[in-house]
Amino acid sequence: MMNKLPDFIGGRSGLLGLLVFAALLLLVFPAAMNVDQLSLAGRFLAFGFVAAGLVLCWGYGGILSLGQGVFFGLGGYAMAMYMKLEASDGLPDFMRWNRITELPWFWEPFHSLTFTVFAILLLPAALAYLIGIAMFKRRVSGVYFAIITQAIAVITTILIIGQQGFTGGANGITDLRTLKGWDIHTDSAQVTLYYATAVLLIGVILVGKWLLSTKYGRILVAMRDREDRVRFSGYDVANFKVFIFCVAGVFSGIGGAMFTLQEGFMSASFVGIVPSIEFVIFAAVGGRLSLLGAVYGALIVGFAKVMFAEAYPQLWLFLIGSVFIVVVLFMPYGLAGLQENLTRRLRAYLRRTEEHPSSTPSPPRGTTSVGASNRPSQGEPDADGSLSTQEVRS
Amino acid sequence: MTTNTNFLLAVEDLTVSFDGFKAIDGLNFYMDYKELRVVIGPNGAGKTTLLDLICGKTKASAGSIKFKGQELTALPEHRIVWAGVGRKFQTPSIYESLTVRENLEVSYPEGRGVWGALAFKRDRRVLEKIDEVAESTFVKDMLDKEAGLLSHGQKQWLEIGMLLMQDPELLMLDEPVAGMSVKEREQTAELLNTITEGRSVIVIEHDMNFVKRIARKVTVLHQGQILAEGDMDSVQSDKRVIDVYLGH
């Protein structure tokens, strides 16, 4: 059976990581959490889409975007517009408050769910494509690109808040109740949406893993390492960057849509600089070379925020800021890298004790392997900080 | 000036200036098919700049570069590669976090677009080519090793191997033996002699012993212009070359 596994799963350890991840999301969480906690987890999983996109584009492609909130917002707003139209009699309430008498033209197509689904996928891709072409063809990269994406996040926020009549302004699009007549606020709907988010997320991660397993994935890493060498090996580097930026944008858009569905509203506060940087922190904490790690990062930081920010709301930003600095300085590959490192040491230790059984008794094998895969990942910094090939393949 | 299309590469009246400093100044340079040419000259003579201009890394201020009759100055870098020009950089440029095999695979001239790269299959043809190139560039035993772990000399060979994957008609090597041991230099000289079969090669080199081993025709650059050109003996006895470069 193992022989029939597609390459992109990453062999036995990759499969184990995926299974643990899937079991945690689909079995453990629903069993251990009440509905409120579960729907909270579902929202963090929605952030996980963005973090997974950042793993591809930042971790593997070396393109740091500080504006992923924009794509998250595009998906989220598209979903919200559909649901708002469904919830209102003709004209959404906030438009009436702003003395708009007729539905704006760009709202019209959002009467259709099919159009909305396409919009969720294509709007982020189209915007990422435009930004990508404009930046990468001109060889804007590194911190310059990061700053520009941040500026785009600011501009988008200002635009949304300023155009109150079309967007709901600072309040956002609120009072979303139904999807095709299905009440999203009931407990059973929240649980269903949680499962839908989890399954979609697993699908997105499989897509990401497949991408990384192709020649494209290796070119992505090659570009991060030596952009010029790739260019002078006959590749139009800009196209390759545009593509991964689009993929990351589409992932974020799906996350945004799933978030809106679960939260019941969408506002500019999920679009701007702060959420955009939070997404980067999720990926950094979880491990920017690990698709699964990034999702764990979103869950851990998300729940930590809920617990900590309730007690000390003013201190949260300081805490998360320091966590970010610590991770960047001491754990460049995040929790996934740490786990990978520990597993390797444990294996080496077990190998030693097996060779000399008289010394320390070794813990039973089964338990250690399960324990070690709590944070499955592929990212693995070597002692000298260089990356192993195994992680590049993942 | 008319272009003679019998040349593989015809560089004519080529000039590039950086803030008024002419790194290459009205240069004319011709290469035959299947020719091995060594370019020497003092630091700042414009040797690396010449390669940069040919491969498109630097844009010319004036003049033309024709490769098999096709004007290169107007092409983007990757198109110049497609036309058949390969360039090795001075410091080994390899992908350190990929394996040696993957380094060579990335250089395989198929799947060069995004969709092509996604659909690319590592089939027998590709693997055989990788094996063949790895064999000839002395890195066959290291195919599954991470390229960052190679020695400096092996990295130089790997980069040459990456270029050979593309089968370029013109191969440009910028100081291929820099930092190599004596034995590695000898191996590289052998390698160069085999890879010049069937293609043209431009080598920039400072190590005169190495140059003597491989050179048939030598071009001496000085201040962005050609100072002398000819076989090794005539260049070595040229008084101007001795004055500016070889020393007495």
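Just so it is clear: chains get the letters A, B, ... in the order the sequence lines come, proteins before strands, and each one is counted from 1.
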Quiz item: If you draw a 6.0 Å radius around CZ in B:Phe18, do more than 12 non-hydrogen atoms from other residues or ligands fall strictly inside?
Solution: yes

Quiz item: Out of A:Phe243, A:Tyr216, A:Trp210, A:Tyr235, which one racks up the most heavy-atom pairs below 4.5 Å with chain B?
Solution: A:Tyr235

Self-check item: Spatial distance of atom CG (B:Leu163) from atom CZ (A:Phe232) [nearest 0.5 Å]
Solution: 11.5 Å

Quiz item: Roughly how far, to the nearest 0.5 Å, is CZ of B:Arg122 from CZ of A:Arg218?
Solution: 5.0 Å

Self-check item: Interface moiety of B:Lys121 toward chain A, non-hydrogen atoms closer than 4.5 Å
Solution: neither

Practice problem: Tell me, for B:Met162 versus chain A, whether the close heavy atoms (under 4.5 Å) come from the side chain, the backbone, both or neither. | Solution: side chain

Quiz item: Do the side chain of A:Asp225 and the main chain of B:Ser97 share a donor and acceptor less than 3.5 angstrom apart?
Solution: yes

Quiz prompt | CH2 on B:Trp115 to OG1 on A:Thr214, rounded to 0.5 Å | solution = 11.0 Å

Practice problem: Would you check, one step at a time, whether the test salt bridge (charged side-chain N to carboxylate O under 4.0 Å, His left out) holds for B:Glu110 with A:Lys215? | Solution: CA-CA 10 Å; B:Glu110 270 177 30; A:Lys215 185 182 179 189; over 6 Å; no

Quiz item: How far does CZ of A:Arg231 sit from CD1 of B:Ile80, to the nearest 0.5 angstrom?
Solution: 12.0 Å

Quiz item: Who among B:Gly148, B:Pro109, B:Gly113 has the most heavy-atom pairs with chain A under 4.5 Å?
Solution: B:Gly113

Quiz item: Which one of B:Arg79, B:Arg87, B:Lys88, B:Arg112 has the most heavy-atom pairs closer than 4.5 Å to chain A?
Solution: B:Arg112

Quiz prompt | Region of A:Val242 that comes under 4.5 Å of a non-hydrogen atom in chain B | solution = neither

Quiz item: Measuring from B:Ile94:CD1 to A:Arg226:CZ, what's the distance to the nearest 0.5 Å?
Solution: 7.5 Å

Quiz item: Is the number of heavy atoms from other residues, nucleotides or ligands under 6.0 Å of B:Lys22 NZ greater than 12?
Solution: no

Quiz item: Which bit of B:Gln166 is near chain A, if near means a heavy-atom gap under 4.5 Å: side chain, backbone, both or neither?
Solution: side chain

Self-check item: Whether over 12 other heavy atoms sit under 6.0 Å from B:Asn193 CG
Solution: yes

Quiz item: Which region of B:Phe120, side chain (C-beta onward) or backbone (N, CA, C, O), has a non-hydrogen atom less than 4.5 Å from a non-hydrogen atom of chain A, or is it both or neither?
Solution: side chain

Quiz item: Hey, is OH on A:Tyr129 packed in by over 12 heavy atoms from elsewhere, all under 6.0 Å?
Solution: no

Self-check item: For A:Gly234 against B:Trp82, the heavy-atom pair lying closest together
Solution: O-NE1, 2.8 Å

Quiz prompt | Shortest non-hydrogen contact from A:Ser233 toward B:Tyr95 | solution = OG-OH, 3.8 Å

Self-check item: Option among B:Val114, B:Leu98, B:Val106 that satisfies the side chain to side chain contact (heavy atoms under 4.5 Å, CB included) test with A:Ile219
Solution: B:Val106

Exercise. Apply side chain to side chain contact (heavy atoms under 4.5 Å, CB included) to the pair B:Glu77 and A:Val237, showing each step before the final yes or no.
Key: CA-CA 10 Å; B:Glu77 295 94 330; A:Val237 167; over 6 Å; no

Quiz prompt | Smallest separation among heavy atoms of A:Phe240 and B:Ala117, with atom names | solution = CE2-CB, 3.9 Å

